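Just so you know, these numbers come straight off a predicted model, no measurement behind them.
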Amino acid sequence: MERLFVFAFVGLLAQVIDGSLGMAYGVTASTLLLANNVAPAVASASVHLAEVGTTAVSGFSHWRFGNVEWGVVARLAIPGAIGAFVGASVLSNLSTESATPWVAVLLLLLGVYIVARFVFGKKPVVVTRRPGTRFLAPLGLFAGFIDATGGGGWGPVATPTLISSGRLHPRKVIGSVSTAEFAVTVAASIGFLIGLGSEAIDWRVVGGLLLGGVVAAPFAAYLVRHVSLPVLGALVGSVILITNSRTLLRAADAESVGAYAALGVVAAVLLAVAIRRTRGEHTEVVEALEGDEPETEKQPV
């Protein structure tokens with residue numbers, strides 16, 4: 001029973017991060033499960049099986065809060081499911097360790113771009129042209145494959161790529177990516193069950209992750225609707241920077257307390273700058289409203 005509560009807490013924490021930032025459920029949950037001596041293959045399979053429930057609740061919650069663009073969901077989900085099934089099916093025979101540092105570098109650059117644009121840059125302007133199938137289909141296929149073979153990665157690949165394209169509001173990106181993830185997790189779970197067999201799955205792990213994730217999903221969807229763009233950019237960027245810096249440090253055998261402390265300081269500074277900028281924008285809006293002249297003719301809505 002004690003381990004069930006531990007796994008439930010892992011699921012709750014991972015879902016709060018994933019549902020509010022649009023990424024990192026698999027990365028967070030897999031890392032914490034491995035720290036609790038769960039075998040890597042079982043951890044990855046358990047995370048995806050639990051995500052079948054958590055992504056369903058998360059997608060429904062995002063839809064209720066108006067965070068979903070259904071055209072984007074469809075174009076991401078179908079190729080994403082294909083990529084996830086293929087990735088899960090060949091995981092036992094395919095090593096992705098050599099590709100991991102290169103993917104981490106790409107994601108790290110995307111994280112830097114997001115921080116520069118949303119935290120330090122001008123207020124982002126989203127273009128009216130929505131991302132099409134030519135852009136979304138390859139993205140979904142690649143993100144789904146990475147997610148299944150790497151134990152996580154759907155959000156870290158799909159979310160920053162869509163945000164950096166500037167074609168969709170970050171809130172819509174997070175909601176749509178989280179909703180499309182349901183199809184990805186179903187396909188990956190089927191692949192893992194075929195490859196590993198149900199007897200290899202520790203259903204206490206799955207149940208704990210599912211319980212914690214379902215509890216956290218509505219709160220996470222509410223949070224993403226009410227967090228300001230600079231703060232959201234700082235949080236998303238920090239997750240990407242820390243997660244992929246950790247991957248690169250491990251690949252280079254350069255992990256240290258000092259390195260992680262430095263990453264923590266960077267994340268704290270980014271968040272502080274984002275909060276200060278949000279307050280500044282709020283002050284500008286208030287001053288602009290107070291400075292309106294009474295005789296100004298109202299424009300038609």
Evaluate the side-chain proximity of [Y] to [X]: yes if any heavy-atom separation is below 4.5 Å, no if none is.
X	Y	answer
Leu49	Leu193	yes
Val47	Thr185	no
Asp147	Val157	no
Lys172	Leu162	no

Side chain to side chain contact (heavy atoms under 4.5 Å, CB included) between Val72 and Val173, intermediate numbers included: CA-CA 9 Å; Val72 174; Val173 170; over 6 Å; no
Would you give the length of the straight line joining atom [atom1] of [X] to atom [atom2] of [Y], rounded to the nearest 0.5 angstrom?
X	Y	atom1	atom2	value
Thr179	Asn67	OG1	CG	8.0 Å
Leu249	Ser256	CG	OG	7.0 Å
Glu181	Thr159	CD	OG1	8.5 Å
Ile190	His48	CD1	NE2	12.5 Å

Shortest non-hydrogen contact between Ala88 and Ala188, atoms and distance: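 That closest heavy-atom pairing would be CB-O, 3.5 Å.
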Closest non-hydrogen atom pair between Trp154 and Ala180, with its separation: CZ2-CB, 3.9 Å
Verify the cluster assignment for [X] and [Y]: are they in a single hydrophobic cluster under the rule of side-chain heavy atoms below 4.5 Å apart?
X	Y	result
Val68	Val184	no
Val52	Val206	no
Val266	Leu248	yes
Ile242	Val265	no
Ile146	Val177	yes

Report all side-chain donor-acceptor pairs from residues 75-85 shorter than 3.5 Å, counting only partners two or more places apart or in another chain.
{"residue": "Arg75", "atom": "NE", "partner": "Thr133", "partner atom": "OG1", "Å": "3.0"}
{"residue": "Arg75", "atom": "NH1", "partner": "Gly71", "partner atom": "O", "Å": "3.1"}

